[in-house]
Amino acid sequence: MSAVTLILNRAQQGGRNAASELLPLVYDELRKLAGARMANEAAGHTLQPTALVHEAWLRLAWKNWKRKMPAPPR
């Protein structure tokens, strides 16, 4: 099993440090994918591959954080 798979399994089981361990392993590949995707965009767009990766990571982290928050009292 790869290191990424092991970290993802720990994340699913509630591992607190999984995200901080995962990002360094996949960051370069995500930037390459984002760069390839952005190359197809119209001229003049302002979003850079690094910003796209950061935005995606923040959205995933926010979604995960909201899911783990307890329901507000009624």
Side-chain angles (χ1 to χ4, degrees):
M1 220 180 271
S2 75
V4 172
T5 302
L6 292 171
I7 292 170
L8 289 173
N9 287 339
R10 279 203 332 266
Q12 284 183 324
Q13 296 170 358
R16 292 181 178 253
N17 296 328
S20 62
E21 293 174 30
L22 181 63
L23 186 58
L25 295 176
V26 299
Y27 186 79
D28 288 336
E29 185 64 24
L30 290 173
R31 281 199 67 239
K32 288 177 193 173
L33 292 169
R37 181 73 168 170
M38 299 305 290
N40 296 327
E41 291 294 316
H45 68 83
T46 59
L47 190 61
Q48 299 296 314
T50 301
L52 181 60
V53 171
H54 291 181
E55 177 72 19
W57 191 261
L58 288 172
R59 286 182 184 204
L60 287 171
W62 176 249
K63 182 178 178 182
N64 187 45
W65 181 79
K66 285 191 341 183
R67 184 175 50 86
K68 290 183 178 183
M69 291 298 297
R74 292 181 176 223

Show me the side-chain donor-acceptor pairs of residues 19-35 shorter than 3.5 Å, one per line, residues at least two apart or across chains.
from	atom 1	to	atom 2	distance (Å)
Ser20	OG	Asn17	O	2.9
Glu21	OE1	Arg10	NH2	2.2
Glu21	OE2	Arg10	NH2	2.9
Tyr27	OH	His54	NE2	2.9
Arg31	NE	Thr50	OG1	2.8
Arg31	NH2	Thr50	OG1	3.3

Does anything in residues 35-50 form a salt bridge (charged side-chain N to carboxylate O under 4.0 Å, His left out)? List the pairs, not counting sequence neighbours.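 Output for this query is empty, none listed.
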Across all chains, not counting sequence neighbours, the side chain to side chain donor-acceptor pair (under 3.5 Å) partners of Thr5 are Ser2
Under 4.5 Å side-chain heavy-atom separation, chaining through any Ile, Leu, Val, Met, Phe, Trp or Tyr, what else clusters with Leu58? Say none if it is isolated. none
